[in-house]
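Encoded as structure tokens, the structure appears first; notes follow it.
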Amino acid sequence: MMMEWKWLWFIRMAVLLLVLEGCRWCTTDACLEHERIALLHLKPFFNYGNPLKSWVDLKGSDCCKWERVKCNSITRRKLKSLYLSENAIGGNLENEGFGKLSSTLSNLEILYLSYNHLNDSILLSLSELSSLRYLDLSHNRFEGSSHPRGFQWLSRLTKLETLNLSGNSWKNSILFNMRNLSSLKTLRLSSNQLEGRLLHIQELNNLTDLNYLDLSGNRIESISNKGLSNLINLKKLDLSENQIESLQSSKDGGRKLELTHLKELNLNSNLFNNSVFASLNKLLNLKTLTISNQLKGPIDAKGWCDLRNLEVLDVSGNALEGMLPHCFSNLTALRVLDISRNHFQIPLSFAPFANLSNIKALLSNENKMVTEPSFYTSIPKFQLEVISLSKCITSQQLSRKLPTFLYYQYDLRYVDLSHNNFSGTVPTWLLENNTKLEDLILKGNSFTGPLSFSSALISNVSSIDISENKIQGQIPTSICSTFPHLSRLFLSKNAFEGNIPLCLSGMKDLSILDLSNNQLYGKVPEELITKGSLTILRLSNNNFSGNVVPAILKANGLQNLYLDGNKFSGEVTNFDVSTFEFPNSLSDIDLSNNQLHGKLPRWIGNASFLLRLALSNNGFEGSIPMEFCNLNWLEFLDLSQNNLSGSIPSCFNPPNIKHVHLHGNRLRGPLSLAFYNSSSLVTLDLREKNLTGSMPKWIDTLSSLSVLLLKDNHFHGKVPIQLCKLYSLSIIDLSQNMFSGPIPSCLGNLSLPMKEKEKVIEFTTKSGFYSYEGNILAYMTGIDLSCNNLTGHIPPELGNLSEIYSLNLSHNKLIGVIPSSFSKLHQIESLDLSYNNLSGEIPNQLVELNSLEVFSVAHNNLSGSIPEPKAQFGTFIESSYEGNPFLCGTILHKSCSKPDAPSTRSNSLDDEGEDSLLDTYDFCVSFLVSYIVVVLTIFVVLYINPYWRSVWFSFIGKCITTCRYSTMANFLTYHIFRQCD
């Protein structure tokens, strides 16, 4: 009996185990097989490299664990979310791919398909995903025209709550098909092709649950307030970046916007005027208002002060002016206020804000601070966390003390008082009073005296910027102990002196240190460069000395190192590059303007991640090492003003190179294949070398080239027409070479676009040598072909260069007339056509060039009267026209009313025969013989006497010479164009 019971118990337990095991297989934590197969059907339509490597066709592979896939958190089986953005999905997806996916993923709730190549053909398949609550189709190729019923299919998704259609080509009619999506809560239609008057907005009346509507970035001119007002639950509305002029349309009977639940409204970048505030006074629950539309003039208090529930108000970037309205103090709910970049007059006491007890962030950059008519002493009710008053004081006469309300602030976290005229000692009490302060920005003021900090620990401060002031003395060592967690310290452009405090090397959180443009001296602590936490170290333009290179080789962690403009010296040692690994973190090194010498180190070739290398104005010599060809990531190279020789390595062709500066060296030979097909190259500066040969025809492979500087070399041959294919060119300097032949007429087809450039570009214009850099350089355009052997006529097509600022064709052998088309050079400031063989009259149309500052046609064969001296032409003096015997005019003290007009004189000269011309020729020959005798005499003296030879070359070195081609008897003389210093 006992035995039967034991067997019975054993059988029951076995059955139970079998049942449990079967249930385990039923509830395994893996996706359904048909869902896995459906996803694999979709993968071939991905066109972005080799994405989603975890999606493998392996039976038993759990697709719930695949990347970009999420399953139900309870069952852990059914697909719930699918993230397929940015996969360049395309192809025929209507019957394949999503067609199969939609029939199997009936439980899918969230689907991201943004940034792909999808079009209307997919909409039918998507309409089968009946459980979808969230659908993102933004930034694809939908337009709603290839499938007329496309979006009608999508309206079957009755459970859909969020729909993002931004960044496509939907038109106004899309709104008509929205009316059946009754569960929709968020609708985004930004950056489409909605335009004009948005009548179909009324079709959204059925979307009673809609609380966020984004229509930004379209071309909407007006919108039906009647239609919008029916969206009774709308809480957030974005109408920014459209062309709306008013929120009170006359076609709505002047009806104002009535959205009683609206809390956020963005009206940025439209065409509103100040009256827009009056149209908002029924939005009584509005909490956030953003409006930057270049509103001008005094602010309209009507409507503005009715929004008493406003918590965030942003009216930055307008042109509003005057004092803030008195009722502004009624906006007591305000927490964040941004009135930056206007013309408001803000009292130094900040009295208009005194009653705003809830305000935490106040941004008033680029307004004007004014003194009050009466003395104001009230203590403000607010305690700010953020205050930004950058560029507020514009008058040097204004009292330059800090606003008094700052003395009553104890909860500040961020303070920006930069670029004002505040004076006195550095207000370190701001740090002591506000123990939670993290960022203090005081740059660009007039603070003076030595810098001192309290010995008390202030642990929250992470960033201090006191650059561009007038602080003297040494950098206090207490800065290290007072701010132990400091990560960014900017003390540049002051008058600090002495050594760098050693304690800075021990600050473990310090990542950016800028001590540039001071009077610091001594050696740089090696630990500061090698400490590991620093990413940016800027010590430019001080008086540091010693050999800093060994420390650079140990700079692990440092990314940007700027040591230019100091007195670092020594020879940069070479060693076996195979045994050395350059710090792979360094991407930017600037050692220019120092006293380094020797050969360029070959180990730089190991700096494979280097983006920017500047070694200009040192004493480097020898050739450019072949190892430089290994700098595959290099974008900027400046080796100018050294003593480098040899040729440019033909292998030097980094794929990302943008700016190359090699001028002022002794490099020689033809322009090699070094830059062939460098499509990223923007600036190529090879001035003042001994480069020879012709300009290569492959120059047009430099498709991004903007600045081409080949001045003062020995190039010859014709100016290649391939230059005309460089559509980004804005500065061309081929002067002081030996180019010959005609000027290519196709240069007139260049658009000379103005774009951002880097570093400093030196360019001859306005009769002088100028350096252009930064933002100024971005607006400089010019062509200099002077001092060559160019012949033929000036192409009239050059008159099409409407954006050019400087054109110099002087010192050539050009003939013919000055093209009247030059009157179209409306931006030109400098035009030099001197020292050629030009004839005819100066076109009177040139007086229309109102920007012209420098003009010279001297030493040609021009005739007739000079243009009427009005506008800019009234400022030019005799030297602009000298050397043209047949020109007349008041400036030349030669009347044009004589019977012996230029044309008559020319005829009479012909009648006199060739006698006078022969006399002139004899005179020129005699002069030339005398000139040769003088030159030979000087040569003999210099050859015999080394002292005089030294004096002569010293004299020549101080003079800037340019060539002069005489128009008389076609012989060449040389002319000292500028006097010796």
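Between Leu431 and Phe483, some side-chain heavy-atom pair lies under the 4.5 Å cut-off. For the pair Ile529/Lys554, no side-chain contact is recorded, criterion being any heavy-atom separation below 4.5 Å from C-beta on. Counting only heavy atoms from C-beta outward, the side chains of Leu417 and Leu430 approach each other to under 4.5 Å. At a threshold of 4.5 Å between non-hydrogen side-chain atoms, the residues Leu337 and Leu331 do not count as touching. Counting only heavy atoms from C-beta outward, the side chains of Glu635 and His659 never approach each other to under 4.5 Å. Side-chain contact between Gln409 and Phe382 is present, with at least one heavy-atom pair separated by less than 4.5 Å. The shortest side-chain heavy-atom distance between Leu528 and Leu513 falls under the 4.5 Å cut-off. With a 4.5 Å cut-off on side-chain heavy atoms, Thr683 and His661 count as touching.
No hydrogens or angles considered: nothing links the side chains of Thr290 and Asn266 as a donor-acceptor pair under 3.5 Å. Remark: the Asn517 side chain and the Asn541 side chain contain an N/O donor-acceptor pair separated by less than 3.5 Å. Checked by atom type, the side-chain pair Asn433/Tyr407 shows no donor-acceptor distance below 3.5 Å. With no hydrogens or angles considered, a side-chain donor-acceptor pair links Ser190 and Ser166 at under 3.5 Å. A side-chain donor-acceptor contact under 3.5 Å links Ser540 and Asp564.
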Apply side chain to side chain contact (heavy atoms under 4.5 Å, CB included) to the pair Ile475 and Asn518, showing each step before the final yes or no. CA-CA 11 Å; Ile475 299 172; Asn518 281 288; over 6 Å; no
Using the rule given for salt bridge (charged side-chain N to carboxylate O under 4.0 Å, His left out), can you reason through Arg413 versus Glu385, listing the C-alpha separation, both sets of side-chain angles and the distance that settles it, and then say yes or no? CA-CA 5 Å; Arg413 322 291 170 87; Glu385 295 181 5; 3.8 Å; yes
What verdict does the side chain to side chain contact (heavy atoms under 4.5 Å, CB included) test give for Asp465 and Arg488, after you've listed the backbone C-alpha separation in whole Å, the side-chain angles of each residue and the deciding distance to 0.1 Å? CA-CA 8 Å; Asp465 189 346; Arg488 299 178 299 278; over 6 Å; no
Phe422/Leu389 under side chain to side chain contact (heavy atoms under 4.5 Å, CB included): CA gap, chis, key distance, verdict: CA-CA 11 Å; Phe422 296 136; Leu389 304 178; 5.7 Å; no
Step by step, work out the side chain to side chain contact (heavy atoms under 4.5 Å, CB included) result for Phe490 and Ile512. CA-CA 8 Å; Phe490 304 92; Ile512 301 176; 3.7 Å; yes
Take Ser390 and Ser418 through the test side-chain hydrogen bond (donor to acceptor under 3.5 Å, both in side chains) and record every step on the way to the result. CA-CA 5 Å; Ser390 177; Ser418 61; 3.0 Å; yes
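In plain terms, the two heavy atoms of Ser292 and Gly317 that are nearest each other are OG-O, 3.3 Å. Considering all non-hydrogen atoms of both residues, Ala333 and Arg308 come closest at CB-O, 3.6 Å.
Note on ring orientation: taking the six-membered ring where Trp is involved, the planes of Phe544 and Phe568 are parallel (angle under 30°, cut-offs 30° and 60°). Between Phe405 and Phe350, the ring planes are tilted. Angles from 30° to 60° get that label.
Proximity of a side-chain donor or acceptor of Asn618 to a complementary backbone N or O of Ser616 within less than 3.5 Å is detected. Counting only distance, with no hydrogens or angles, the side chain of Asp306 and the backbone of Asn281 share no donor-acceptor pair below 3.5 Å. Looking only at distances, a side-chain donor or acceptor of Asp338 sits under 3.5 Å from a matching main-chain atom of Ser340. Between the side chain of Ser478 and the main chain of Ser455, no donor-acceptor pair closer than 3.5 Å is present. Looking at Ser585, its side chain does come within 3.5 Å of a backbone N or O of Gly557 through a donor-acceptor pair. Put simply, the side chain of Asn274 gets close to the backbone of Lys296: a donor and an acceptor are under 3.5 Å apart.
For the side chain to side chain contact (heavy atoms under 4.5 Å, CB included) test with Leu262, the passing option among Leu237, Leu284, Asn285 is Leu237; the others fail.
Classification of Asp238 and Arg188 as a salt-bridged pair fails, no side-chain N sitting under 4.0 Å from a carboxylate O.
Once rounded to the nearest 0.5 Å, the distance linking CG of Leu265 with CD1 of Ile291 reads 8.0 Å.
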